[in-house]
There are 2 protein chains.
Amino acid sequence: MKSTKKQRLEVAGWRVSSAATFLGLSAEEAAFVELKVALGQSLRRWRTRQKLTQGELAVRLQSSQSRVAKMEAADPTVSVDLLVRSLLKLGARRKDIARAIA
Amino acid sequence: MKSTKKQRLEVAGWRVSSAATFLGLSAEEAAFVELKVALGQSLRRWRTRQKLTQGELAVRLQSSQSRVAKMEAADPTVSVDLLVRSLLKLGARRKDIARAIA
DNA sequence: GGAAGGTATGTCAGTGCTGACATACTCGCA
DNA sequence: TGCGAGTATGTCAGCACTGACATACCTTCC
């Protein structure tokens, strides 16, 4: 958020804080969530590039549409394990995963 | 493995194959294991640099000595989740994780 | 040899993740 | 407005992961 906007909001009586602070996440927890979000976005980019629906992707991953949706949304019930394994299944290499994370 | 050495071994009657082939791992599975190994090594490097024992590290991670040993050995019962969360707890940033993986 | 400090391996009860299903939401189009 | 395709969200039985414990396996030193 731009600091100018932050100032305006605070003047108007809003308390501005990061999602992490709001949710009471520690630095590590926040970083962990960010990492999952990054992987989820990576997965969605791959899917949309291939013009697939979540359902079609689910078939390739031997999973379900709902789980794909949760992966892309970095749902709390989705592990980094699942995200990484999914990307690898789709042909990503370690370097690609690293780039998605960094 | 250098192809010259491979040749020599095969001439000598050995069948040379990667661990992946030997264990019947698919390409993705192999990549996944490699990735875990890389993270485990990263964890061990961090620990030895700090001159800590596995037991001491376990305390910081709120885990146990045996699990630390398994993490460093990329044991099948250790998830990428656990490895990543551990590294983050020790102060690694996303970029560090990415470098460890790549 | 054997004691001590460190590391590896096996096991298990409790917890968390997973695929699957059902259902709700969203958006474009007729 | 209503419909269809796609996406999001809630729930749950079954399986995988986790910390903890016990114990075995090294090295190093005496």
Side-chain angles (χ1 to χ4, degrees), chain A residues 19 23-26 28-90 92 97, chain B residues 19 23-26 28-90 92 97:
Chain A
L23 295 171
L25 298 181
S26 68
E28 309 93 79
E29 289 166 337
F32 187 66
V33 171
E34 282 176 28
L35 199 145
K36 288 213 292 191
V37 168
L39 291 172
Q41 289 176 336
S42 182
L43 189 65
R44 168 159 291 179
R45 274 199 303 277
W46 189 91
R47 178 175 66 82
T48 53
R49 259 205 309 274
Q50 308 288 319
K51 300 207 193 308
L52 297 176
T53 66
Q54 292 182 342
E56 291 166 337
L57 179 54
V59 172
R60 297 204 191 195
L61 297 177
Q62 295 170 96
S63 182
S64 61
Q65 179 270 324
S66 58
R67 191 130 303 271
V68 170
K70 282 163 189 168
M71 282 195 251
E72 293 185 352
D75 185 279
T77 72
V78 168
S79 70
V80 170
D81 262 85
L82 184 63
L83 285 162
V84 167
R85 276 187 283 119
S86 298
L87 287 168
L88 290 176
K89 252 188 199 171
L90 299 177
I97 309 261
Chain B
L23 295 170
L25 297 182
S26 67
E28 310 93 79
E29 290 166 337
F32 187 65
V33 171
E34 283 176 26
L35 198 145
K36 287 213 290 191
V37 168
L39 290 172
Q41 288 176 335
S42 183
L43 189 65
R44 169 160 289 180
R45 274 199 302 278
W46 188 91
R47 178 174 68 80
T48 53
R49 260 206 308 275
Q50 307 288 321
K51 300 206 192 310
L52 297 175
T53 67
Q54 292 181 343
E56 290 166 338
L57 179 54
V59 172
R60 296 205 194 194
L61 296 177
Q62 295 170 94
S63 183
S64 61
Q65 179 269 325
S66 57
R67 192 129 302 270
V68 169
K70 283 164 188 168
M71 282 194 251
E72 293 184 352
D75 185 280
T77 72
V78 167
S79 69
V80 170
D81 262 86
L82 184 62
L83 285 162
V84 167
R85 277 187 281 116
S86 297
L87 286 168
L88 290 176
K89 251 189 201 170
L90 300 177
I97 310 261

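Values in this document were obtained by computation on a predicted structure and should not be read as measured data. In what follows, chains carry the letters A, B, and so on, assigned in the order in which the sequence lines appear, proteins first and then strands, with residues in each chain numbered from 1.
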Any chance you could list the contact pattern along nucleotides 13-27 of chain C? Use B for base contacts, S for sugar-phosphate-only contacts and - for none, protein heavy atoms under 4.0 Å, 5' to 3'.
----SBBBB------
Taking it one step at a time, do B:Q65 and B:V68 satisfy side-chain contact (heavy atoms from CB on, under 4.5 Å)?
CA-CA 5 Å; B:Q65 179 269 325; B:V68 169; 5.7 Å; no
Taking it one step at a time, do B:Q50 and B:L90 satisfy side-chain contact (heavy atoms from CB on, under 4.5 Å)?
CA-CA 11 Å; B:Q50 307 288 321; B:L90 300 177; over 6 Å; no
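Look at CG on B:D75: it is 12 Å from C1' on D:dT18, rounded to the nearest Å. Atom CD in B:Q54 sits roughly 16 Å away from atom P in C:dG5 (whole-Å rounding).
The backbone N or O of B:V78 lies less than 3.5 Å from a partner atom in the side chain of B:K36, making a donor-acceptor pair. Remark: the backbone N or O of B:A38 is not paired with any side-chain donor or acceptor of B:S42 at under 3.5 angstrom.
Atom NZ of A:K70 and atom OG of A:S63 lie 10.0 Å apart (nearest 0.5 Å).
A search for side-chain contact (heavy atoms from CB on, under 4.5 Å) contacts involving B:E34 returns A:R94, not counting sequence neighbours.
Looking at every heavy atom in both residues, A:S26 comes nearest to A:E29 through N-OE1, 2.8 Å.
Where the helix from C:dG1-D:dC30 to C:dA30-D:dT1 starts and where it ends, the local axes point in directions that differ by 30°; five pairs per end, rounded to 10°.
Evaluated for a side chain to side chain contact (heavy atoms under 4.5 Å, CB included) with A:M71, the options A:L87, A:T77, A:L61, A:L57 yield exactly one hit, A:L61.
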